[in-house]
2 protein chains.
Amino acid sequence: MNEQKRPRMADIAREARVNRITVSRAFSNPELVAKETLERIHAAVAKTGYIPNQIARGLKADHSNIVSLVTPAYMSGVYGQIVEQLSGLLYRSGLVVNLFPVQDVEGHLNVVLRELAGWRPAAIVLFGATLTEESQQIIRNARMPVVELLNYSESSGTSSVGYDHRLAASLLTSHLLDQGYRKICYIHSARAANIINADRLAGFTEAIRVAGGPILLRSERDQTNNQQQMAPRDHICGIELKSTTAFHAGFELMGKLANWENRPEAVLFASDMVAVGALQYCLVNGIAPGKDIGLCGFDGIELTSVMRPQLTCLDFPYQRVIAEGARQILARATDQSTSDEHIRIPVAVLHRETT
Amino acid sequence: MNEQKRPRMADIAREARVNRITVSRAFSNPELVAKETLERIHAAVAKTGYIPNQIARGLKADHSNIVSLVTPAYMSGVYGQIVEQLSGLLYRSGLVVNLFPVQDVEGHLNVVLRELAGWRPAAIVLFGATLTEESQQIIRNARMPVVELLNYSESSGTSSVGYDHRLAASLLTSHLLDQGYRKICYIHSARAANIINADRLAGFTEAIRVAGGPILLRSERDQTNNQQQMAPRDHICGIELKSTTAFHAGFELMGKLANWENRPEAVLFASDMVAVGALQYCLVNGIAPGKDIGLCGFDGIELTSVMRPQLTCLDFPYQRVIAEGARQILARATDQSTSDEHIRIPVAVLHRETT
DNA sequence: TTGTAAGCGTTATCAT
DNA sequence: ATGATAACGCTTACAA
């Protein structure tokens with residue numbers, strides 16, 4: 001396979017009886033090349049199936065039209081939509097998006113970051129990754145524009161568009177308290193290699209503390225065959241979940257919560273998918289969400305409004321993240337000197353039927 | 001911003017008082033470098049924040065450890081899981097995965113393909129893209145290993161691991177017929193720039209024809225504010241849906257189907273998400289799936305088993321796609337001479353409660 | 001409008 | 001164990 005050698009620019013040049021540089025120009029500045037010459041070149045390209053070597057091009061140019069997004073390996077909910085639309089917008093501006101999925105594994109982020117930076121993309125876009133000191137070093141050393149999306153941060157050296165997840169969690173928790181719920185359980189991922197998760201947890205505990213409530217931690221590492229019984233007064237419950245079974249995890253977890261001696265009055269879920277699973281459990285088992293128990297999602301993926309009763313969650317205008325994000329990326333990819341900008345997207349509680 | 005120049009290998013060499021080539025070796029063959037020298041080099045790297053330029057490296061080496069996946073811009077259901085796990089497996093073999101999302105827009109695939117091929121990845125992985133003659137040309141000219149995932153194909157020049165979507169659709173349709181359903185409606189995306197969708201449609205019509213039924217086409221371009229009323233005897237209904245509103249689309253479409261004069265006895269959905277939306281409509285509106293109407297999903301995303309009643313769909317062992325896919329990619333990325341291989345993953349109908 | 005010369009940052013090959 | 005030299009395929013700067 002692949003016996004024949006790949007054609008190079010020199011081959012096109014010979015074929016079209018011009019200098020290599022003219023072929024180069026035909027690609028980058030066709031308006032500078034005579035129409036007839038252009039045609040010969042195009043013919044030669046078509047005939048040989050020439051594909052310009054971006055690597056060689058990049059070596060000289062030291063920039064590319066690729067925007068690299070660093071994302072969680074499993075892109076659930078809003079992530080997928082944001083990537084889809086962002087990619088569409090940037091494409092229209094001549095940029096090609098590529099994603100580097102990061103495993104939730106020690107060190108993977110740094111490996112990816114280093115590799116990616118070595119390819120000198122036009123810009124690096126981060127999706128709620130937790131940046132260790134080392135990660136930040138890498139980013140700084142890369143000396144290329146970095147935009148953080150989804151979480152609002154004021155860290156210098158990177159721009160950001162997103163909302164304050166701490167505040168958001170706090171708002172949702174306060175909402176539950178306002179509705180009269182007292183014993184509130186927070187369900188989040190126990191493996192929180194993600195700044196967003198950490199911020200949300202902080203927001204929850206803060207709101208509970210402000211309300212004078214005790215915070216009782218519990219981490220359930222394996223919710224399928226767990227030995228430990230949950231204690232009746234737990235407020236916070238971290239579950240270690242495979243992202244690919246979030247719905248089931250929510251379903252099963254709700255089963256346990258419902259059977260606690262001292263069942264929580266409301267549950268706040270850091271993941272909409274887990275929340276939907278839990279909602280479904282309630283529906284099947286005759287527990288009326290919004291009456292018998294309060295259920296609250298987070299970002300507000302599409303499903304939260306398709307399910308009946310509809311899940312209370314955040315009113316999060318993620319379209320603004322896309323629009324502002326695209327604008328920032330474009331500006332920074334084009335003009336390296338653009339300075340940092342931090343845009344906070346406002347969120348509110350979308351009070352629906354489950355609370 | 002980014003004032004200072006990025007350090008290069010020569011800078012490290014000077015700093016560590018060695019030749020450039022020794023620095024190079026320190027990265028690629030550290031065992032050939034004296035321990036002490038290695039330390040000086042590492043110190044210099046740490047001090048300057050040097051990041052090897054993959055572009056320059058690639059120019060000389062003409063290969064990289066990057067595997068590029070060409071995926072739909074919005075990765076729903078199983079796609080996401082496959083990418084996540086595949087990326088994990090390949091990472092353990094020293095390969096870094098990056099995704100190129102393709103918009104469902106004329107020509108975008110070819111733009112992406114050409115760009116991507118120019119970066120000379122170790123392998124190209126295709127996710128159910130419809131390859132035009134031009135796309136195939138590009139792939140052939142790229143002269144690099146190509147693996148098609150998710151759809152079984154026997155096209156030469158690329159390996160493949162997947163199932164036969166035509167057969168699958170046919171199986172599901174036959175299942176519905178076997179259950180006694182006669183008036184069966186098939187709901188699929190009207191914009192089918194995707195070989196998978198085309199195959200599924202073919203499988204459905206084939207099964208209906210074999211059973212002696214008439215095929216009645218209808219394409220509904222805009223299901224939110226459509227002028228045309230659907231005809232009562234339609235068998236096939238293509239809906240043009242924004243991928244980000246699949247659940248709602250299913251919900252609303254089911255509302256229409258349910259109110260046809262001559263309501264279909266069963267509905268086969270090419271998208272699980274649309275199917276779940278439809279199921280939810282039935283639940284809310286007192287239509288009993290499996291009794292009043294047959295509902296059938298496709299791939300079998302997690303939700304199909306969390307919803308009650310559980311959705312009938314395919315029993316699709318996608319883990320095998322991941323395992324076999326990773327094996328093939330690895331073999332081809334490592335050894336360019338590996339020959340084509342076509343693996344057909346068997347599927348069966350998972351008869352559940354909605355049929 | 002087209003061409004010449006030089007060099008982008010790395011590694012393969014061959015020395016020492 | 002380390003070094004010198006010559007590429008890799010393209011583009012920038014300048015020249016004609």
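Reminder, nothing fancy here: chain letters follow the sequence lines and each chain counts from 1.
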Sugar-phosphate only, base, or nothing, as touched by B:Ala61 at under 4.0 Å among non-hydrogen atoms: nothing
DNA chain D: 5'-most and 3'-most nucleotides touching chain B, 4.0 angstrom heavy-atom criterion: D:dA1 to D:dG9
I'd like to check [X] versus [Y] (side-chain heavy atoms, cut-off strictly below 4.5 Å). Are they in contact?
X: A:Val18; Y: A:Val33; value: no
X: B:Arg40; Y: B:Thr22; value: no
X: B:Leu86; Y: B:Val97; value: no
X: B:Phe127; Y: B:Val102; value: no

Non-hydrogen atoms of B:Ser135 and B:Leu109 that approach each other most closely: OG-CD2, 3.9 Å
Shortest non-hydrogen contact between B:Arg332 and B:Pro145, atoms and distance: O-CG, 3.3 Å
[Y] backbone acceptor or donor facing [X] side chain under 3.5 Å:
X: B:Asn29; Y: B:Leu32; result: no
X: A:Arg6; Y: B:Asn141; result: no
X: B:Asn98; Y: A:Phe100; result: no
X: B:Asn110; Y: B:Gly107; result: no

Interface with DNA chain C, restricted to residues 43-50 of chain A and to heavy atoms under 4.0 Å: none
DNA chain C contacts among residues 12-33 of chain B, heavy-atom distance under 4.0 Å: B:Arg20, B:Ile21, B:Ser24
Once rounded to the nearest 0.5 Å, what's the spacing between atom [atom1] of [X] and atom [atom2] of [Y]?
X: A:Ile329; Y: A:Thr334; atom1: CD1; atom2: OG1; value: 11.0 Å
X: A:Ile21; Y: A:Ser28; atom1: CD1; atom2: OG; value: 7.5 Å
X: A:Tyr152; Y: A:Ile196; atom1: OH; atom2: CD1; value: 15.0 Å

Terminal axes of the helix from C:dT1-D:dA16 to C:dT16-D:dA1 (five pairs each): angle between them, nearest 10 degrees: 20°
Chain B contact limits on DNA chain C, taken 5' to 3' with a cut-off of 4.0 angstrom to heavy atoms: C:dG9 to C:dA12
Test side-chain hydrogen bond (donor to acceptor under 3.5 Å, both in side chains) applied to A:Ser153 - qualifying residues, sequence neighbours left out: A:Glu148, A:Ser155
Polar contact flag, side-chain donor to acceptor under 3.5 angstrom, B:Gln103-A:Tyr91: no
